[in-house]
Structure formats: structure tokens, C-alpha cells
A.B. asks: 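Right, I'll just put the structure down here and ask away after.
Chain A is the first sequence line, chain B the second, and so forth, proteins listed ahead of strands; every chain is numbered from 1. What you see below is based on every heavy atom in this structure, not just the backbone, and it leaves out hydrogens, waters and symmetry mates.
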2 protein chains.
Amino acid sequence: MTPPESSGPRRPLRADAARNRELLLAAAAAEFAERGVDASIADIARRAKVGKGTVFNHFPSKDHLLTAIAVARLDQLTESAESLLAGSDPGTALLDFLTLGAEQQQQLDLSAMFAGGTADIQDPAGVDQARERMVRAVDALVTRAREQGAVRPDITGADVVLLMCAPAYAAGPLRQAYPELWRRYLMVVFDGLRPEGAHPLPHPPPPLGHL
Amino acid sequence: MTPPESSGPRRPLRADAARNRELLLAAAAAEFAERGVDASIADIARRAKVGKGTVFNHFPSKDHLLTAIAVARLDQLTESAESLLAGSDPGTALLDFLTLGAEQQQQLDLSAMFAGGTADIQDPAGVDQARERMVRAVDALVTRAREQGAVRPDITGADVVLLMCAPAYAAGPLRQAYPELWRRYLMVVFDGLRPEGAHPLPHPPPPLGHL
DNA sequence: CGAGAACTCGACCGCGCGGTCAACTTACTG
DNA sequence: CAGTAAGTTGACCGCGCGGTCGAGTTCTCG
């Protein structure tokens with residue numbers, strides 16, 4: 001429907017507006033982390049010490065706000081993956097990436113935006129591009145680890161992207177009591193990627209593009 | 001707050017009321033499965049071909065309705081675990097149980113009720129009891145498998161209960177496109193439970209009671 | 001069959017949400 | 001320093017939700 005308004009050689013923001021935008025993104029990230037995606041716009045505005053209307057000046061809808069945060073996170077993970085790719089040991093590089101991914105997932109569930117379930121998102125273009133970059137980077141990480149024998153051969157980058165969200169979910173119910181519990185289950189998942197004695201997987205991986 | 005009203009030697013329901021109750025539970029299960037826990041009472045009532053008020057006659061609040069469904073599922077899983085415990089191979093018994101658990105999680109996310117995050121639930125007593133029964137049964141399953149060397153020694157029943165929810169989450173975003181994808185990730189998780197070459201786990205398991 | 005208890009029903013209530021807008025304030029520019 | 005475009009604001013709107021209730025209906029049992 002709405003053309004992604006992608007090509008916006010936007011005029012520069014006014015100084016105060018730029019500041020408010022940052023305040024809003026920070027407040028939204030914090031509020032979403034605490035209350036989940038159902039955090040209210042009013043609360044976010046209050047936290048940013050800004051009028052409710054200002055939120056909608058910067059982000060035409062709540063989805064746009066969420067999308068902005070998601071894109072930032074995806075880009076950050078992409079950067080991490082790329083820099084880890086430059087590092088030495090493929091196995092630990094992959095584990096380090098999984099840790100970073102799970103850690104972010106711990107803060108806010110964006111897994112829906114990591115996949116095709118984005119039918120409801122307003123500006124899919126931004127998310128899709130960011131996601132594609134990330135999946136590419138992760139797949140490079142996985143391929144290298146696989147060639148070196150650090151992970152089983154039947155695992156793809158798409159699998160890793162999906163699996164890195166799982167520990168946060170598994171530990172989610174006990175998050176309050178044991179905030180670091182996810183590390184335990186991340187290690188279990190990582191061990192599930194070992195090549196030694198792996199059982200054949202009963203379903204093909206999702207195609208990289210369709211992630 | 002509310003005393004669990006547990007000891008209710010309830011008078012028998014009228015015939016039509018009993019029928020409606022079943023219709024409601026079925027409709028609610030279906031609606032929750034399709035729309036998630038945010039499915040509306042009105043939709044459930046419509047699906048059950050029943051007035052909205054009737055829903056509240058049978059279940060004083062939406063939480064009570066969810067709780068009723070959760071208890072039924074927990075009991076069902078408990079039963080499965082116990083009958084699998086009577087079976088032969090400990091390893092496959094555990095895998096079978098994980099499959100059942102993940103399958104149910106696929107239908108409706110009740111993981112919050114599998115753990116202590118039940119502060120918001122109205123009748124914790126019912127859920128807590130059902131959960132305790134299940135955890136006990138699962139722990140027996142795990143202990144047997146561990147003794148036989150089918151799973152790593154540092155894994156407990158509580159871990160298994162939490163981990164069986166993970167595959168549904170990992171595959172969740174692509175549920176529409178690949179409804180069976182969770183099986184792939186369930187196998188990865190299961191492989192993560194193998195004893196051979198497991199890395200030490202970086203966090204203690206949650207105590208059985210606190211699950 | 002008739003009385004009354006048990007149950008059903010949907011209009012109704014209050015609330016909090018995402019989103020709008022016209023009046024106001026503020027930062028930039030010449 | 002003025003003029004104006006850019007940005008801010010909070011009262012306001014419509015909506016859909018969970019939950020209530022009294023009038024109406026239906027089962028049950030003597």
C-alpha cells in the first residue's frame with residue numbers, strides 16, 4: 001500500500017527535534033524491554049518527558065517506532081557478526097554471536113521481525129533489508145564454522161538466527177528470579193549444533209531468502 | 001487474596017450447562033490457538049454459539065478460563081509422561097515426551113504457566129498443583145534417561161520442561177509457511193542434551209520446586 | 001404439569017489504548 | 001531581530017476490550 005517512502009533525502013532535523021528523537025528511541029527501548037511490545041505510547045512519551053503527540057510526529061505509528069528499534073538492533077547484530085568473522089576461531093566466533101543475539105532477545109522479543117511474519121509491519125522494506133544483511137553475515141559465520149568442522153553440516157545461517165531466540169524464551173518465565181538462566185539454555189542449544197553424533201534433522205531448513 | 005475456593009463439592013451442573021461448558025472450553029482452545037492469548041471473550045462466545053454472559057457464568061474471568069485450559073494440558077502431559085515412564089527405552093521416551101510438549105506449545109503458549117510467572121493468575125493453586133505433578137513425572141523420565149547415559153548428567157526435569165517450549169518459539173515466526181519446522185529445532189535441542197562432548201553449563205538449573 | 005431454581009443472554013459500563021488536530025512555542029534564517 | 005517554518009503539546013476521538021446485571025428462558029423435580 002504505502003510506498004515505503006524509502007528514498008527520502010530528508011531535510012536535516014532541527015536541533016531539538018533530533019534530540020527528542022533520540023530520547024524517544026531510548027525511552028521506547030527501555031519501556032518495551034520492561035513491559036514488552038504492549039507498552040503504551042503514553043508511557044513511552046512520559047518516560048521521554050515529551051508530549052504524546054511528539055511521538056507521532058517522529059513515528060507515524062507504533063509499528064514504525066518498533067520497526068526503527070528493530071532495524072537498529074539488526075544492524076548492530078550485523079556489525080557484530082561481521083567483526084566476528086574477522087576474528088580467529090570459527091567455533092567460538094559463532095558462540096559469541098549466539099550470545100549477543102540471545103542477549104538482545106532477552107531485552108525485547110523481536111523475533112517476529114527476524115522472519116516473514118512481518119505482514120503487519122508498516123515499513124517492511126527497512127526491516128527486510130536489515131534482516132537480509134544480518135542473515136548474510138550470519139550465514140558466512142556458520143559456513144566458516146561448518147567447513148572447519150565446528151558445527152554439524154546440516155545447519156544453516158537461517159537456523160542459527162531462529163535458534164538464537166530460543167534460549168530467551170525457554171528461560172523467559174523465570175526471568176525475574178534468574179535473569180542469567182538463558183545462558184544455560186544457550187549452551188544447550190549450542191551443544192545441539194555439534195557435529196559429533198548428531199541425529200538427522202526431520203525437516204529442511206527454511207530458505208535463506210524466506211527468513 | 002482470593003482463597004482458591006478449592007474445596008468445592010460442587011452440586012452437579014444442569015445438563016445444558018455442562019454441554020455449554022464443554023463447548024466453551026473447545027471454542028476457547030481453538031480461538032486461543034489461532035489468535036493467541038489475546039483472543040477476545042466475545043469471539044470465543046460467538047464460536048461456541050453462546051452469549052457473552054454465559055462465558056462469565058462458567059469462568060469468572062478470562063484468567064480462569066485460561067487456567068482451566070492450562071490445567072487440562074498439564075494433566076494431559078503428566079499422563080503422557082507417566083505412561084512413557086512405563087515404556088522401554090529411556091532415551092526415546094524422553095524424546096517422545098519432548099515432542100508431545102513442543103507440539104502442545106505449538107498450539108498455544110502456556111509456558112508462562114509452566115513457571116513462577118503466575119503472579120497474575122487468579123487460581124494459582126490449580127495450576128501449581130498440576131505443574132508440580134508434571135514436573136515430578138518429567139523429572140523421573142529425565143533421571144531414568146540420565147542413569148542410562150542417554151542424556152548429559154547436568155540436566156534436570158525443570159530444564160526439560162523449559163526447553164520443550166523453545167522449539168515452538170524458534171520456529172514461531174515461520175509457523176504459517178512451515179508448520180512442521182519446530183520438529184527440526186526440537187531435534188537440535190534434543191541433541192544438545194547428549195552427554196558426549198557437552199560443554200559445561202554456565203548457570204545452575206532452576207530448583208524443581210521453583211518451577 | 002406447574003413452580004421455582006438454574007442458567008442464558010445481550011445491552012450496557014468504564015477503561016485504556018492508538019491515533020488526530022488546532023493552538024501554541026521554539027529554533028533557524030536573512 | 002523579526003518572520004516563518006518546524007516542532008510541540010495535551011485535550012480529544014473512536015474503538016474494542018473485560019466484566020456486570022436484570023430480565024427472560026429452560027431445565028428439573030415433586
A.B. asks: Rounding to a whole Å, what distance do you find between B:Asp63:CG and D:dC17:C1'?
C.D. replies: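 Distance check: B:Asp63 CG to D:dC17 C1' gives 14 Å.
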
A.B. asks: Return the value, rounded to whole Å, for the distance between atom CD of B:Glu31 and atom C1' of D:dG16.
C.D. replies: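 Interatomic distance, CD of B:Glu31 to C1' of D:dG16: 15 Å.
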
A.B. asks: Let me know the distance between NZ of B:Lys49 and P of C:dC9, rounded to the nearest Å.
C.D. replies: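 Atom-to-atom, B:Lys49 to C:dC9, this comes out as 12 Å.
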
A.B. asks: Under a 3.5 Å threshold, yes or no: a donor from one side chain and an acceptor from the other, between B:Ser61 and B:His64?
C.D. replies: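 Per modelled atom types, B:Ser61 and B:His64 side chains form a pair under 3.5 Å.
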
A.B. asks: Of the options A:Leu94, A:Asp96, A:Thr92, A:Val138, which is the one that meets A:Leu84 in a side-chain contact (heavy atoms from CB on, under 4.5 Å)?
C.D. replies: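 One option only clears the test, and that one is A:Asp96.
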
A.B. asks: Got a sec: does the CD of A:Glu132 have more than 12 other heavy atoms crowding it under 6.0 Å?
C.D. replies: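 Not buried by this count: 12 neighbours or fewer within 6.0 Å.
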
A.B. asks: Set out, in order, the CA-CA distance, both residues' side-chain angles and the distance that settles salt bridge (Lys or Arg N to Asp or Glu O under 4.0 Å) for B:Arg46 and B:Glu31, then state yes or no.
C.D. replies: CA-CA 10 Å; B:Arg46 208 169 305 131; B:Glu31 205 70 23; over 6 Å; no

A.B. asks: Considering only side-chain heavy atoms of B:Lys52, which listed nucleotide, C:dT8, C:dG18, D:dG18, is closest?
C.D. replies: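 Of the options given, the side chain of B:Lys52 lies nearest D:dG18.
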
A.B. asks: Does atom CD of A:Gln176 have more than 12 heavy-atom neighbours, drawn from other residues, nucleotides or ligands, at distances under 6.0 Å?
C.D. replies: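 For A:Gln176, atom CD is not crowded (no more than 12 foreign heavy atoms under 6.0 Å).
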
A.B. asks: List for me each residue that meets ring pair (Phe, Tyr, Trp, His ring centres under 6.0 Å) alongside A:His203, sequence neighbours excluded, and say none if there are none.
C.D. replies: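 Partners of A:His203 under the ring pair (Phe, Tyr, Trp, His ring centres under 6.0 Å) test: none.
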
A.B. asks: So that I can tick it off, tell me whether B:Arg136 and B:Asp139 are bridged by a salt bridge, with the cut-off set at under 4.0 angstrom between side-chain N and carboxylate O.
C.D. replies: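 Between B:Arg136 and B:Asp139 there is no salt bridge, as every charged N stays at least 4.0 Å from the carboxylate O atoms.
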
A.B. asks: In whole angstroms, how far is the C1' atom of C:dG19 from the CZ atom of A:Phe56?
C.D. replies: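 After rounding, the gap between these two atoms is 5 Å.
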
A.B. asks: Taking atom CD of B:Glu79 as the centre, does the number of heavy atoms from other residues, nucleotides or ligands within less than 6.0 Å exceed 12?
C.D. replies: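 At most 12 heavy atoms, drawn from other residues, nucleotides or ligands, come within 6.0 Å of this atom.
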
A.B. asks: Side chain of A:Asn57, heavy atoms from C-beta onward: which of D:dT8, C:dC9, C:dG10 has the nearest atom to it?
C.D. replies: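 So the side chain of A:Asn57 is nearest to D:dT8.
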
A.B. asks: Heavy atom of residues 33-48 of chain A under 4.0 Å from DNA chain D: which residues?
C.D. replies: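 None - not one residue of the stretch has a heavy atom sitting under 4.0 Å from the strand.
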
A.B. asks: With a 4.0 Å cutoff (strictly under), does any side-chain N or O of B:His58 reach OP1 or OP2 of C:dT8?
C.D. replies: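 For C:dT8, OP1/OP2 do have a side-chain N/O of B:His58 under 4.0 Å.
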
A.B. asks: Can you tell me the distance, in whole Å, between the CG atom of B:Leu65 and the C1' atom of D:dC17?
C.D. replies: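 Rounding to the nearest Å, CG of B:Leu65 and C1' of D:dC17 are 15 Å apart.
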
A.B. asks: Under a 3.5 Å cutoff, is there a donor and acceptor pairing between the side chains of B:Ser111 and B:Asp109?
C.D. replies: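 Per modelled atom types, B:Ser111 and B:Asp109 side chains form a pair under 3.5 Å.
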
A.B. asks: Name every residue in residues 13-24 of chain B that has at least one heavy atom under 4.0 Å from any atom of DNA chain D, in order of residue number, or write none if there are no such residues.
C.D. replies: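 Only B:Arg14, B:Ala15, B:Asp16 qualify.
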
